[in-house]
Number of protein chains: 2
Amino acid sequence: MARTTGSHAGITGPKIRQAALRLFAQRGYAAVSMRSIAAEVGVQAGALYNYTPDKQSLLVDLMRTHLDGLLEAAVPDDGGPLARLQQFVAFHIRFHADRPDEVFIAYMELRNLEPDNFVEIEALRRRYEDRLEQILRDGAEAGVFEVADSKIVTLAIIAMLTGVNTWFRQGGRLSLEEVVAQYWDMVRKAVGA
Amino acid sequence: MARTTGSHAGITGPKIRQAALRLFAQRGYAAVSMRSIAAEVGVQAGALYNYTPDKQSLLVDLMRTHLDGLLEAAVPDDGGPLARLQQFVAFHIRFHADRPDEVFIAYMELRNLEPDNFVEIEALRRRYEDRLEQILRDGAEAGVFEVADSKIVTLAIIAMLTGVNTWFRQGGRLSLEEVVAQYWDMVRKAVGA
DNA sequence: GTCTATACGTGGATAGAC
DNA sequence: GTCTATCCACGTATAGAC
């Protein structure tokens, strides 16, 4: 018996987050209405408020979930600095390539976070950056890398790697693994290894 | 005789563009109202329409002006590939550091461009990228650079250099010229020169 | 050239029926 | 849990007085 309305507990919540993710990434947080999210899910706008207190919470949840996932998916941090750096580069590109919408939102919508939320999200991002910086410091200390300023090199590498998401498309000229190899080659040379 | 209203021909137009630039960069195009731009300038919202047909034109004008300026300010493209690459890196960082708001808008508000405008702006950006790619190709051909895929390296370098704007602040730990030197060191090594 | 006033659409969020 | 209906603020843009 088909029914077009009624209880869908357990699936509407995820569908809302999914719809918000897609729409925020495509049009930008400020340009997305609660009504448009509801329409994408197939409910009325009022129903969204059974799952989120407001629009801002929807944005924060998406960012926090993404960054938590990024930190938890951490590659095993073993081996020498060179091996760890290679793992980091490959992990970063693959993880980000799999989640273009999350990445886009996490970088582009920071200014739409209310102050407290901004602090929380920035702290998560900072923790991730610190991992790369630690690898670079260890490598410099061990004499494996030529890194004059580990903070700058960290930010430069992350910007370079994250930039892949602006142009990479599955089924394009290059496979993801070819991209990983090319970027690893550049990073390796850039740190003088 | 002070007057709070009347003709200000010749200054209101630039003030509007300046206010739009600042507000778009700070809050995002979609989150900025014509009223808020007018308030910043010190006029009523209706007065803006003496200077721009609509809000979208304001955005497009800012982007086009920025990218035109970028292309015109081009450094003299002489010398060998290594010298040209160094000039490009230094120019890019300095030019972008001087115009953080323009840069931010030109990268972040692309999705708020109507289709025709998007095509126009993207063509300008592409012309700029092509200049770097040509330098890399020339260097690879001359055997000065080790660049397996000039397109990827172009995008990687531009992402890395433009990323400076996300953290660099005048009066911070490093001077701009120190930043230029550090990035040039990384780029030079990354291309195997 | 700028103002005031306004048309008209759409925004986030809530109340109460089912 | 979802719906319909609604509140009220705010959005872009325009008309007409000064």
Side-chain angles (χ1 to χ4, degrees), chain A residues 1-24 26-62 105 109 111-117, chain B residues 1-24 26-62 105 109 111-117:
Chain A
M1 245 170 35
R3 62 178 184 181
T4 56
T5 181
S7 172
H8 297 279
I11 58 168
T12 302
K15 280 173 76 177
I16 289 170
R17 280 184 286 278
Q18 208 173 6
L21 174 67
R22 203 185 68 79
L23 290 171
F24 288 167
Q26 196 163 84
R27 306 182 199 167
Y29 175 76
V32 174
S33 67
M34 293 297 269
R35 284 176 173 82
S36 69
I37 296 171
E40 176 112 346
V41 173
V43 298
Q44 292 300 314
L48 299 182
Y49 292 89
N50 290 319
Y51 299 91
T52 181
D54 51 32
K55 189 182 169 189
Q56 171 82 188
S57 300
L58 222 36
L59 177 62
V60 177
D61 281 351
L62 291 172
I105 289 173
E109 302 297 352
R111 64 184 162 192
N112 286 308
L113 290 175
E114 289 159 16
D116 288 357
N117 296 329
Chain B
M1 236 165 50
R3 62 177 183 181
T4 56
T5 181
S7 172
H8 298 277
I11 58 168
T12 301
K15 280 173 77 176
I16 289 170
R17 281 184 285 279
Q18 207 172 7
L21 173 67
R22 203 184 69 78
L23 290 171
F24 287 167
Q26 196 162 84
R27 306 182 200 168
Y29 175 76
V32 173
S33 67
M34 293 298 268
R35 285 189 224 279
S36 68
I37 297 171
E40 175 113 346
V41 173
V43 298
Q44 293 300 314
L48 299 182
Y49 293 89
N50 289 319
Y51 298 91
T52 182
D54 51 32
K55 189 182 168 188
Q56 171 83 188
S57 300
L58 222 35
L59 176 62
V60 177
D61 281 351
L62 290 172
I105 290 172
E109 303 297 352
R111 65 183 163 194
N112 287 309
L113 290 175
E114 289 158 16
D116 287 358
N117 295 330

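Below, read A as the first sequence line, B as the second, and so on, with proteins coming before strands; counting in each chain starts at 1.
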Q. Hey, does the side chain of Ser33(A) come within less than 4.0 Å of dG11(C)'s phosphate (OP1/OP2), counting only N and O?
A. yes
Q. Do you know the tightest heavy-atom contact between Ile16(B) and Ile37(B)?
A. O-CG2, 4.1 Å
Q. Under the 3.5 angstrom rule, does the side chain of Lys55(B) hit a backbone N or O of Tyr29(B) as a donor-acceptor pair?
A. yes
Q: State which residues pass salt bridge (charged side-chain N to carboxylate O under 4.0 Å, His left out) with Arg22(A); sequence neighbours excluded, sorted by chain then number.
A: Glu40(A)
Q. Rounded to the Å, how far apart are Ile16(A) CD1 and dT2(D) C1'?
A. 11 Å
Q | side-chain contact (heavy atoms from CB on, under 4.5 Å) partner of Glu109(B), the single match among Val60(B), Leu59(B), Leu62(B) | A | Leu59(B)
Q: Please determine if a side-chain N or O atom of Thr12(A) lies less than 4.0 Å away from the OP1 or OP2 oxygen of dG1(D).
A: no
Q: List the protein contact pattern of nucleotides 13-18 of chain C with one symbol per nucleotide (5' to 3'): B for base contact, S for sugar-phosphate-only contact, - for none; contact means a heavy-atom distance under 4.0 Å.
A: BB----
Q. Is any side-chain heavy atom of Arg27(A) closer than 4.5 Å to a side-chain heavy atom of Arg111(B)?
A. no
Q. So, for Ile105(B) and Leu21(B), which heavy atoms are closest and what is the spacing to 0.1 Å?
A. CD1-O, 3.4 Å
Q | Nearest-angstrom distance from the residue atom CZ of Arg27(B) to C1' of dG11(D) | A | 14 Å
**Q.** Side chain proximity check, Leu113(A) to Gln56(A), heavy atoms < 4.5 angstrom
**A.** yes
Q: In whole angstrom, give the distance that lies between atom CD of Gln44(A) and atom C1' of dT6(D).
A: 14 Å
Q) Okay, side chain of Thr52(A), backbone of Tyr49(A): is any donor-acceptor separation there less than 3.5 Å? A) no
Q: Have a look at Val41(A) and say if it touches a base, only the backbone sugar-phosphate, or nothing, with a 4.0 Å heavy-atom cut-off.
A: nothing
Q: Five pairs at each end of the helix from dG1(C)-dC18(D) to dC18(C)-dG1(D): take the axis at both ends and give me the angle between them to 10°.
A: 0°
